[in-house]
Amino acid sequence: MQGINRALEALSGALDTVGKLVLMITMLHVSADVVLRYVFNNPLAGTIEISSFYYMIAIVFLPLAAVELRNGHISVEIVAQYLSEATQRILIGCVCLLAALYYGLLTWRMGAVAIEKWHVGETYASSLDIAIWPPRFLMPLGCGLLVVVLVVKAMRLFAGDSQPLHMAQDEHFEE
């Protein structure tokens, strides 16, 4: 199990890092477009399209598993905080499995759409003709890794491991 945890941490960390890099690239790209547009009256072609179809997808979907590993998703603990730790493990384990089912179906559907759009060669015609099918594969990639993280987290919780309940951004997903 420790090997699986390390692999998940490495994969999610890599996708998280790519997401952070894309965020910085987005900032630089949009800033350059603004400067070129308003100072030199010569904007970069396709900034909105590239930001919308490439950057935003990477920024949103690639870090999903890393955020889950850190328990960084929004949670509301009105009742759960008063339950025993064993009951919390069971409850959160069930929620993880339910979320894994949802994200698994989402992954399957987004993967099917990505393959369909790849075969069609989907493009977006604007100031430049841009292929928009490649980033569609980032969505099932990010959600698929999230599914694996959720299933492993549920297994650990059902096995009596309380560490996934208390993990924060600085902790690791190891036994």
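Each residue takes its place number in the sequence, starting with 1. Nothing here was measured: the structure is a model prediction, and the numbers come from that model.
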Can you confirm whether [X] sits close enough to [Y] that some side-chain heavy atom of one is under 4.5 Å from a side-chain heavy atom of the other?
X    : Y    : answer
L36  : P43  : no
I50  : I130 : yes
D129 : Y124 : no
M56  : T26  : yes
L145 : S12  : yes
R70  : D16  : yes
I132 : K117 : no
F61  : P135 : no

Can you see which heavy atom on [X] is nearest to which on [Y], and at what distance?
X    : Y    : result
A100 : L150 : N-CD1, 3.7 Å
G93  : A154 : O-CB, 3.5 Å
L64  : C143 : CD1-SG, 3.9 Å
T107 : P140 : CG2-O, 3.5 Å

For [X] and [Y], indicate whether the former's side chain and the latter's backbone hold a donor-acceptor pair under 3.5 Å.
X   : Y    : result
E68 : L146 : no
T87 : L83  : no
T47 : L44  : yes

Enter the distance from [X]:[atom1] to [Y]:[atom2] here, rounded to the nearest 0.5 Å.
X    : Y    : atom1 : atom2 : value
S51  : I25  : OG    : CD1   : 11.0 Å
R136 : E122 : CZ    : CD    : 4.0 Å
L106 : R109 : CG    : CZ    : 10.5 Å
I90  : E85  : CD1   : CD    : 11.5 Å

With side-chain contact (heavy atoms from CB on, under 4.5 Å) as the test, would you mind laying out the steps for Y38 and V34 before giving the verdict? CA-CA 6 Å; Y38 292 107; V34 169; 3.8 Å; yes

Do [X] and [Y] share a hydrophobic cluster, counting only Ile, Leu, Val, Met, Phe, Trp and Tyr and linking them when any side-chain heavy atoms are less than 4.5 Å apart?
X    : Y    : result
V147 : V95  : no
V60  : M139 : yes
L62  : L23  : yes
V22  : L11  : yes
L8   : F158 : no

Does [X] [atom1] have over 12 foreign heavy atoms under 6.0 Å away?
X    : atom1 : value
Y103 : OH    : no
I48  : CD1   : no
N41  : CG    : no

How are the rings of W118 and W133 set to each other: parallel, tilted or perpendicular (split at 30° and 60°)? tilted

Note: K153-D161 ion pair, threshold 4.0 Å (strictly below): no

